[in-house]
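Quick notes on the structure that follows.
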Amino acid sequence: MPSMPPNGTASETLIADALLDWFSRHKRDLPWRMTYSPYHVWISEIMLQQTQMERGVEYFKRWIARFPDVDSLAQAPQDEVLKLWEGLGYYSRARNLHKAARMVVELHGGTLPPSMEALLALPGIGPYTARAIASIAFRQDVCVVDANVERLVSRLYNIGQPVKSRQAQKEIGEYGQRLLPSGHAREFNQALMEFGSLVCTPRNPSCPQCALAHWCRAREAGVQEERPVVAKAPSPVYLTMATGILIHDGHILTQKRLAEDVWGNLWEFPGGVVEEGETPQEAVIREYMEETRLIVNHPEPIASFKHSFTRFRVTLHAFVVTLLSSPEELDLQAAQEHRWASWSEIMKLAFPAGHRKLVRHLDNDPKFRAKVHT
DNA sequence: AACTCGTGGCG
DNA sequence: TCGCCAAGAGT
């Protein structure tokens, strides 16, 4: 059944109908598309921020199994919330989600509020997510603008300004709202985004099979590959880092990072950046002194790992170190808390991805495991 | 308004 | 291999 957008021209109606039709035939079967409960929509939207949809699915299922509703999330300790987020990155999303759940219990009786204003007042919910929840969970007629929509609309209307510019953002939002068929925001917004991610892709878009090709001004001008116009990303910074596993009485020293730092409130092994003219071994010994005031030596190499975070590309050298001073001299300088952990405790703590790779490596090393209390 | 925050997949 | 990218938000 054709649907009429507010203020819609004929071609806008045709475009919207083509998108809705495509979505009805190609939409993926996703766990948050079962009941569209506001809580499920909320969790999925936070998880999918800056994250590939495929990766979000398993995290979502585990999350819902453990935190089936706002109350269970609000009551959980933060360490457990972060553990379920481990590996997804941008951990402020988890911290804010947790904080927001407690606010929803306090301010809204445990039910997510439908109004945009109330949604925007919750930590972690910004312009995109407020609109996504309002439209997908509560069926309000507001359009969403994410990276998919930016790309799709900037091609459809051949927008030559940088997508992130004020002017382009304004235009994209206006075009999106004009295309939106009233009463169909739930399906239409998902259709826009899914079409953008599966058909109107960043590279090699499927223009020959595209249901919107007839209306696409960028394709008409032959510049679809040059849309959207994005600023060139700054080149990555390469770092060498070193970390040391310290075993004492069969337990491993771990420390909880400061709340406001990168990986805030996650756990890690002491270590840091290898400075100019320094070996990784020397760096581990120095970092132990700087971060814990403990004297360690004899760093024995375990393995090296490549990983990256934000703009950094890291080679992480890992060692087992020996304690020279007394453990009583431990005096944390760069962390909020420490724990001498058994291996099963290590498995329950949330680590940044690089250190989690190290833990997985050691988990498969019988010689190492023999030195550590289970 | 520019910077910062993670991570893994893909061509 | 390596640059690009992802259902953005907070400051």
Side-chain angles (χ1 to χ4, degrees), chain A residues 23 27-28 30-33 40-60 82 85-97 99-100 119-137 143-152 162-166 169 176 186 188-198 200-205 225 228 230-239 257-266 268 305-314 316 350-357:
Chain A
F23 188 60
K27 72 173 165 189
R28 288 173 282 192
L30 296 167
W32 50 85
R33 286 182 179 159
H40 286 193
V41 173
W42 178 27
I43 300 302
S44 70
E45 289 301 338
I46 302 294
M47 278 190 174
L48 292 177
Q49 288 171 10
Q50 300 290 287
T51 303
Q52 331 261 72
M53 176 173 312
E54 288 75 12
R55 282 196 76 210
V57 172
E58 287 312 307
Y59 279 90
F60 180 86
L82 289 172
W85 206 269
E86 184 185 60
L88 256 192
Y90 288 135
Y91 296 93
S92 64
R93 292 183 296 171
R95 297 191 298 268
N96 283 333
L97 194 44
K99 194 185 307 173
L119 289 169
L120 283 168
L122 295 169
I125 297 185
Y128 164 78
T129 306
R131 288 166 168 269
I133 295 172
S135 60
I136 298 173
C143 79
V144 295
V145 179
D146 76 329
N148 290 305
V149 179
E150 287 173 353
R151 185 173 58 254
L152 174 56
V163 268
K164 295 302 180 186
S165 70
R166 200 186 200 98
Q169 285 290 311
R186 168 183 289 177
F188 179 76
N189 281 339
Q190 294 186 87
L192 267 182
M193 295 190 281
E194 195 128 322
F195 194 88
S197 77
L198 295 180
C200 196
T201 52
R203 283 171 297 186
N204 307 318
E225 301 275 6
V230 290
K232 187 176 174 304
S235 32
V237 176
Y238 290 84
L239 293 179
R257 295 181 58 84
L258 299 178
E260 56 278 7
D261 278 5
V262 192
W263 303 299
N265 292 345
L266 273 72
E268 66 171 7
F305 305 87
K306 300 270 187 195
H307 70 116
S308 58
F309 67 97
T310 62
R311 66 183 197 280
F312 300 103
R313 303 290 173 269
V314 179
L316 174 66
F351 285 87
H355 284 208
R356 179 50 64 184
K357 287 178 190 170

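Every chain is numbered from 1 and lettered A, B, ... according to where its sequence line falls, protein lines coming before strand lines.
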- request: Test Glu194(A) against Lys27(A) for salt bridge (Lys or Arg N to Asp or Glu O under 4.0 Å), laying out the working first.
  value: CA-CA 7 Å; Glu194(A) 195 128 322; Lys27(A) 72 173 165 189; over 6 Å; no
task: Measure centre to centre between the rings of His40(A) and Phe60(A), then say whether the value is under 6.0 Å.
output: yes
Under 3.5 Å, which N/O atoms of the protein pair with N/O atoms of nucleotides 1-4 of chain B?
from	atom 1	to	atom 2	distance (Å)
dA1(B)	OP1	Arg166(A)	NH1	3.3

Interatomic distance, [X] [atom1] vs [N] [atom2] [rounded to whole Å]:
X	N	atom1	atom2	value
Phe305(A)	dG6(B)	CZ	P	20 Å
Ile133(A)	dG8(C)	CD1	P	13 Å
Phe188(A)	dA7(C)	CZ	P	16 Å
Leu82(A)	dT7(B)	CG	P	12 Å
Glu45(A)	dA6(C)	CD	P	15 Å
Leu120(A)	dT11(C)	CG	C1'	16 Å
Arg313(A)	dG3(C)	CZ	P	8 Å
Leu258(A)	dC5(B)	CG	C1'	16 Å

- prompt: For atom P, what is the distance between dA7(C) and dT4(B), given to the nearest Å?
  reply: 24 Å
query: dA9(C) and dG8(B): how far apart are their P atoms, nearest whole angstrom?
result: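 To the nearest whole Å, 23 Å.
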Quick one: which of [options] gets closest to the side chain of [X]?
X	options	value
Gln49(A)	dG8(B), dA7(C), dG8(C)	dG8(C)
Arg151(A)	dT7(B), dC10(B), dA6(C)	dA6(C)
Phe309(A)	dA9(C), dA7(C), dG6(B)	dG6(B)
Asn96(A)	dA7(C), dG8(B), dG10(C)	dG10(C)

- request: Check the pair Leu266(A) / His355(A) against side chain to side chain contact (heavy atoms under 4.5 Å, CB included), numbers first and verdict last.
  value: CA-CA 11 Å; Leu266(A) 273 72; His355(A) 284 208; over 6 Å; no
Mind checking if [X] touches a base, just sugar-phosphate, or nothing, with heavy atoms under 4.0 Å?
X	result
Ser197(A)	sugar-phosphate
Ala132(A)	nothing
Gly87(A)	sugar-phosphate
Trp32(A)	base
Leu88(A)	base
Arg33(A)	base

query: Between Gln49(A) and Tyr128(A), do the side chains contain an N or O donor and an N or O acceptor separated by less than 3.5 Å?
result: no
message: Less than 3.5 Å apart, any donor N or O on the side chain of Arg93(A) or Gln50(A) sitting next to an acceptor on the other?
response: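 Arg93(A) vs Gln50(A): no donor-acceptor pair found between side chains.
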field: Interatomic spacing from NZ in Lys306(A) to CZ in Arg313(A) - rounded to 0.5 Å
entry: 11.5 Å
- prompt: From Trp85(A) CH2 over to Leu97(A) CG, what is the distance, rounded to the nearest 0.5 angstrom?
  reply: 5.5 Å
field: 5' priority, DNA chain B, between Arg95(A) and Asn204(A) [closest heavy atom]
entry: Arg95(A)
message: Quick check on DNA chain B: between Arg203(A) and Thr51(A), whose nearest nucleotide comes earlier from the 5' end?
response: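 It is Thr51(A), whose closest nucleotide lies nearer the 5' terminus.
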Under 4.0 Å: is that the gap between some side-chain N or O of [X] and OP1 or OP2 of [N]?
X	N	result
Trp263(A)	dT7(B)	yes
Tyr238(A)	dG3(C)	yes
Tyr91(A)	dT7(B)	yes
Thr129(A)	dA9(C)	yes
Gln52(A)	dG9(B)	no

field: First of Val230(A) and Ile125(A) reached from the 5' end of DNA chain C, by closest nucleotide
entry: Val230(A)
- prompt: Toward the 5' end of DNA chain C, which comes first, Pro123(A) or Asn189(A), by nearest nucleotide?
  reply: Asn189(A)
query: Do the side chain of Tyr128(A) and the base of dG8(C) come within less than 3.5 angstrom through a donor-acceptor pair of N or O atoms?
result: no
message: Suppose we screen for side-chain hydrogen bond (donor to acceptor under 3.5 Å, both in side chains). Which residues come up paired with Arg311(A), at least two apart in sequence or across chains?
response: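 For Arg311(A) there are no side-chain hydrogen bond (donor to acceptor under 3.5 Å, both in side chains) partners, ignoring immediate neighbours.
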Test item: Arg131(A) side-chain N/O and Val145(A) main-chain N/O as donor-acceptor pair under 3.5 Å: no
